[in-house]
Visitor: 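Dropping the structure in here first, questions after.
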Amino acid sequence: MNGATSTERAALAATARLLGRLLIRELDEATLAELRQPEVAAALAAAGITVPAGEASAVVDALAADYYQRFITPERRPPLIQSLWADGQYESETTAAVRAYAEQAGLAFERAIARGAPPDHLGAELTLWAEIAEPWPDGAARFVQDHLRWAVAPLRAQADEVVGDGSAFYGEVCAAAAELIEQL
Amino acid sequence: MSNENTNRRDFLRLGGVLAAGLVGGCAGVGGNKPAAKGDNVAIWSKKAPPQYDIASLDAPGVCALNGPGRKTRFPDPDKYRNVERVHGMCQLCSTVCGITGIVKSGRIIKVEGNPNDPNSQGRLCARGQSALNHMYHPERLLHPLRRVGKRGEGKWKRISWDEALTELADRLKGVRESGKLEEFAFHQGRNRSKDAIAGFLRAFGTNTQLNHRGLCSAARRAANLTYLFESDWDLGDYEHTRYIVNFGSNMFEAHQGHIPGALRIQRGRFENGAKLVTFDVRMSNTAGNSDEFFMPSPGTDGAVALAMAHVIVKEKLVNRKFFDTWANCSLDELWAEIRSYTPEWAESVTTVPADAIARIAREFAAAAPHATTMCNRGSSAHVNGYYNDRAIGLLNVLVGSVGKSGGWCWMWTGGYDAKRFKPPQAAPKPKTAAPLVDPGEFVLANRWNTMRVGEIVYLYLQQERARIQLYMSYNLDSPLTWPEMDVTRNVLLDEEKIGFHVCINPFFNETASFADMVLPWTTYMERWDVDARGAYNLKPYLSMRRPMVEPLGESRDIREIFPELSRRIGGGMEKWYPEARTTEQYMAEWTRDVPYDKSKYDSPMEFLAAEGAYEDPDQKPYFEPYLEPLGADEMEGAEHDPDTGIITRGGKGIGIMVDGKPVRGFKTPSRKLEVKSDFVARVAKNEDVSDLIALANSKGKNRPAHHKGHDYEVPLFPTWMPIDEHQSLDDDQLVMTSFKWNVHNHGRTANLKWCSEIVHSNPAWIHPETAKRFGLVDGDWIEITGYRSKMIDRLVPTFKLGSGAIERKLRIPVVITEGVHPRAIAISNSLGHAEYTSVAQARRKRAPGAPVAGMDPNGLRDQDWERNMWWQDDSGGDPKQWVKNRGNGWAQNQVLPISPDPISGQQAFNSTVVRIRKVR
């Protein structure tokens with residue numbers, strides 16, 4: 001992200017926040033409605049994410065099962081949590097390292113909002129990066145190396161995989177997240 | 001689906017839209033748009049002013065990550081600096097040893113034994129050492145799940161706790177409204193939160209609390225209770241003994257008292273010169289480390305014991321003073337019963353040489369009173385298990401070692417003294433009948449405490465003797481550990497028999513796979529309990545389990561779930577769970593009377609946090625309780641029967657006159673050790689025994705009104721009962737026995753990678769002579785067919801099990817070893833999981849099998865096993881391709897019949913007749 005303007009940083013941070021949030025917990029109807037706003041939907045489509053059509057509650061239910069298969073059950077591969085991918089366990093030293101970044105940035109992790117995910121869940125990491133991208137560019141740059149790059153390969157694998165009823169949404173979210181990380 | 005063409009401009013455009021606040025929360029912490037109704041609340045919030053300093057960001061220790069975060073110091077000299085030590089109690093087996101978690105930055109980095117625990121004294125087995133595998137397992141269950149496909153289909157979605165509790169409360173309200181309270185069934189595996197569970201079920205109004213006692217220690221308890229009228233197990237004073245005769249107990253590897261018992265046995269041997277003699281059908285680590293080891297035929301331990309008794313009586317080695325005072329029969333009466341049980345007879349039954357049996361009997365008697373028997377499932381988990389253990393108990397009576405230092409003892413209070421340290425008040429016990437809990441066929445089940453016959457639960461449901469509207473399973477893996485896997489699975493799948501199933505567990509196990517809802521339970525390192533186990537110091541103690549760290553994910557303990565559920569159900573349940581009381585306050589109330597040093601601590605809780613356990617320094621060991629004098633106040637108004645010596649008050653037995661002095665005696669109807677048991681014989685006939693219960697004045701129960709008459713002939717005296725189906729085995733038949741390893745419990749440790757790397761494969765043990773007969777060599781495969789018990793079918797015809805073959809067969813390789821009796825085939829339990837994490841299934845590669853493109857397989861993933869799980873079986877189930885010591889083992893319960901000992905309901909894990917054939 002070298003050479004990015006403040007506006008560009010803010011924009012990438014906002015994108016990271018959205019993708020982080022979509023990865024850390026299931027889509028709900030309120031958020032779906034926001035994503036369906038024409039301007040947002042068009043921007044998402046340009047970024048490779050098609051907002052699912054159909055009756056909202058049915059869409060949310062179907063995506064919840066998809067989300068479970070992709071991101072919660074370890075049946076296919078571990079959830080998108082860095083300590084699982086790096087060290088094969090929860091709460092490894094990578095988790096402590098993410099906490100250290102947050103500590104320095106004066107940020108508290110809202111565990112309940114994150115549905116109990118640890119701070120080194122990719123969704124939490126993307127949103128943490130978003131928080132430090134502008135005020136702490138050096139830290140953000142190193143954070144990308146230490147805590148985001150790991151996710152590119154698992155995200156790509158998710159993107160290439162069809163699960164559940166075949167909905168493309170989360171695959172596209174993963175592809176976009178991988179692409180974003182590579183561009184940071 | 002790929003959006004590889006997405007470029008920076010697209011992201012900037014998207015970000016621009018989002019930064020404008022069109023989607024809540026995307027503008028950042030304190031962004032310019034309020035959160036929407038849904039999840040649009042920031043994941044990170046402002047906590048403190050930032051102190052950006054990139055130089056101080058090195059994480060401690062070693063990190064396998066490539067890149068700048070990679071650490072190079074190993075071992076880390078600072079690893080144990082700035083740590084907190086939090087005491088707790090293990091729960092990876094039933095022994096509940098004291099543990100200490102070493103906590104750093106909110107993470108447990110090591111678990112070790114707590115030396116302050118009076119029972120385990122700082123020792124911890126391999127299971128306990130693997131606590132971190134349990135706690136931080138990459139496949140832990142961390143969120144409530146709701147089934148979205150058919151039951152058993154494997155389709156789930158994550159739900160919130162609010163959704164889960166709302167649905168559960170509605171369903172439980174429905175059960176209450178139906179008036180069939182007993183149709184809410186709670187089924188526990190290992191339960192160390194007894195107060196919480198009992199409190200919830202009582203408040204609800206159901207007595208259908210199912211447990212696994214029938215699969216554990218029912219026969220042994222029933223035998224002990226026959227002599228003592230007291231529950232719980234015997235606890236030999238091994239540390240001070242001079243002689244231990246062990247009938248099939250594997251204390252050095254797996255036992256309810258495993259580490260504390262093994263520790264004291266070894267002290268007894270190496271500090272006190274004690275001798276350990278083991279009779280076991282298989283050479284366990286205990287047998288192999290004994291001073292002498294004999295291998296009897298399966299199910300004949302009682303015959304060895306009776307022959308020893310014969311020698312002791314015949315050769316006048318009996319402690320006459322003790323026997324004449326405390327046995328409820330004369331020696332002549334007993335001799336008449338056992339005179340035919342000669343060592344030569346025993347040799348013909350057991351294959352153990354007669355002269356060895358006689359010599360051991362003499363040695364045992366000579367060491368008395370510092371002599372004790374030891375037994376467990378090896379002798380008791382048989383169709384004739386009750387008789388085996390009752391015969392074994394007789395030896396202690398004859399040599400007068402009962403309740404003596406170095407002898408055969410027991411804890412009448414259990415691990416901790418619940419009368420001294422009472423849990424906060426709970427709802428009273430309801431009177432709802434519970435046919436699943438109290439089956440009518442079994443003579444001694446439920447006659448004292450709740451000795452439930454767990455293994456019949458699914459059979460009863462299959463036979464439609466009961467139905468369950470809501471089934472709550474807890475820390476239970478019955479599809480793997482219960483006999484007749486197919487019965488269990490079919491019933492769990494049947495929504496007519498089990499209306500709704502909620503499974504509470506820290507991992508997605510086999511039981512969870514058959515549930516409708518799964519709730520993530522905390523581990524024993526994340527929750528509260530007051531606990532203690534049978535104490536080998538023979539003094540009660542009290543220990544505390546407490547959260548070492550915050551629970552992972554959204555896992556919750558039942559101490560949180562039940563209050564919330566009760567408040568939602570309402571109808572009076574909520575009054576037992578005051579809103580304002582936290583779990584910690586509940587624990588403080590429970591332990592308020594624990595003495596502590598006021599100069600060091602401010603409260604019992606602070607003391608327990610610092611020490612982890614309390615043992616009363618003034619408490620004397622539980623020796624010779626029967627000699628405790630009756631006080632003058634107790635004797636006031638008491639009557640004394642000059643013929644029997646029994647002292648009663650108000651028609652209830654309180655003691656006995658011994659040498660002209662009133663003492664407590666035993667809590668039996670005779671106030672003596674009941675070598676001759678009228679109680680059992682009459683109960684077996686379903687007769688009214690209220691007169692005996694009054695004299696016992698303890699926990700014995702009269703016949704329940706709903707029991708149908710059973711008409712068993714249970715002899716008055718200890719005897720040995722041959723097992724029908726063992727008497728005429730065909731040439732291709734053997735007796736299948738089971739066992740546990742020193743790194744596993746029955747169904748909950750195969751997920752621990754450190755343990756599973758040590759033991760993950762369990763071929764069948766076969767003796768070389770047997771192998772020769774079948775033409776088998778090491779590594780050959782056999783097919784096993786299991787048969788139901790003829791003896792049970794004869795004695796319990798109402799059970800309608802029959803004595804035929806179980807339909808499912810088991811194919812398994814063999815290991816040829818002299819460590820098993822020629823008539824037996826030994827297969828361990830614990831292994832053969834179909835769920836319970838990829839470690840338990842020995843799956844290094846995940847289901848799709850494809851490596852993640854772009855990952856560096858040498859630089860990422862778990863170094864402990866992801867790259868080192870060398871035992872994955874790639875044979876695809878083809879015996880010819882199978883490589884020794886590969887795979888995750890075989891579940892014995894595929895061919896293990898439901899076999900409850902008709903007396904106690906004990907599952908006969910070690911009695912199954914099987915037919916084997918070589919797989920070509």
Side-chain angles (χ1 to χ4, degrees), chain A residues 8 10-12 14-15 17-18 25 28 30-31 34 37 39-40 43 46-48 64-65 68 72 74-78 84-86 88-91 93 96-97 100 104-108 110 113-114 116 124 127-128 131 136 138-139 145-146 153-154 156-157 168 171-172 175-176 179-180 183, chain B residues 1-3 6 8 10-19 22-23 26 29 36-39 41 43-45 47-54 57 59-61 63-65 67-69 105 107 136 138-139 142-143 148 156-158 552-554 846-848 852-855 860-862 866:
Chain A
E8 288 172 337
L12 291 173
T15 303
R17 277 191 200 95
L18 176 65
R25 54 188 294 173
D28 62 10
T31 307
E34 291 183 323
Q37 295 172 86
E39 198 177 345
V40 177
Y68 171 80
I72 295 181
E75 187 62 30
R76 291 165 184 271
R77 53 180 62 91
L84 300 184
W85 285 83
Q89 64 163 83
Y90 280 99
E91 291 286 329
E93 285 157 359
Q104 294 226 0
L107 294 169
E110 299 296 336
I113 303 299
T127 51
L128 177 56
E131 298 309 326
W136 191 19
D138 289 349
Q145 296 300 321
D146 287 357
R156 293 263 187 242
E172 291 169 354
E179 195 65 25
L180 176 69
Q183 293 189 21
Chain B
M1 182 185 291
S2 172
N3 58 354
T6 304
R8 189 180 183 85
D10 297 322
F11 285 127
L12 290 172
R13 180 185 164 203
L14 172 62
V17 171
L18 297 168
L22 285 172
V23 178
C26 287
V29 173
K37 268 187 179 176
D39 59 1
V41 179
I43 292 163
W44 297 94
S45 61
K47 183 174 115 183
Q51 299 176 340
Y52 300 128
D53 176 11
I54 207 154
L57 274 177
C63 176
L65 270 181
S105 303
R107 299 179 300 133
Y136 294 131
E139 295 169 44
L142 295 175
H143 306 283
V148 292
W156 300 88
K157 69 173 182 178
R158 177 165 74 169
L552 221 54
E554 294 181 298
R846 298 185 185 280
V852 176
M855 294 295 287
L860 299 175
R861 298 281 189 102
D862 180 1
E866 189 70 27

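Chain A is the first sequence line, chain B the second, and so forth, proteins listed ahead of strands; every chain is numbered from 1.
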Visitor: Quick check: closest heavy atoms across B/Leu18 and A/Thr15, and the distance to 0.1 Å?
Guide: CD1-CA, 3.9 Å
Visitor: Once you round to the nearest 0.5 Å, how far does CZ of B/Arg107 lie from OH of A/Tyr90?
Guide: 15.5 Å
Visitor: Shortest non-hydrogen contact from A/Ala11 to B/Gly16?
Guide: CB-N, 3.8 Å
Visitor: Check whether B/Ser105 reaches the backbone of A/Ala96 with its side chain - one donor and one acceptor, N or O, closer than 3.5 Å.
Guide: no
Visitor: Ignoring hydrogens and geometry, is there a side-chain-to-backbone donor-acceptor pair from B/Arg8 to A/Gln183 under 3.5 Å?
Guide: yes
Visitor: Do the non-hydrogen side-chain atoms of B/Ile43 and A/Arg17 ever get within less than 4.5 Å of each other?
Guide: no
Visitor: With a 4.5 Å cut-off on heavy-atom pairs, point out which of B/Asp53, B/Val148, B/Leu142 contacts chain A the most.
Guide: B/Asp53
Visitor: Can you name the salt bridge (Lys or Arg N to Asp or Glu O under 4.0 Å) partners of B/Arg13, sequence neighbours left out?
Guide: none
Visitor: In terms of heavy-atom pairs under 4.5 Å, which option from B/Gln51, B/Arg158, B/Lys157 contacts chain A the most?
Guide: B/Arg158
Visitor: With no hydrogens and no angle check, is any side-chain donor or acceptor of B/Trp44 less than 3.5 Å from a backbone partner on A/Gly106?
Guide: no
Visitor: If you count heavy-atom pairs under 4.5 Å between each of A/Ala64, A/Ala100, A/Ala114, A/Ala124 and chain B, which one has the most?
Guide: A/Ala124
Visitor: Let me confirm one number: the CZ-CG distance from B/Phe11 to A/Leu18, rounded to the nearest 0.5 Å.
Guide: 11.0 Å
Visitor: Please report the closest heavy-atom contact between A/Ala47 and B/Leu14, naming both atoms and the distance.
Guide: CB-CD2, 4.1 Å
Visitor: Only pairs of heavy atoms separated by less than 4.5 Å count here; which of A/Ala108, A/Ala43, A/Gly116 has the most with chain B?
Guide: A/Ala108
Visitor: Relative to chain B, which segment of A/Leu128 carries a heavy atom at a distance below 4.5 Å: side chain, backbone, both, or neither?
Guide: both
Visitor: Do B/Lys47 and A/Leu107 come within less than 4.5 Å of each other through their side chains, counting heavy atoms only?
Guide: no
Visitor: Could you report the tightest heavy-atom contact between B/Gly15 and A/Ala14, atom names first, then the distance?
Guide: O-CB, 3.6 Å
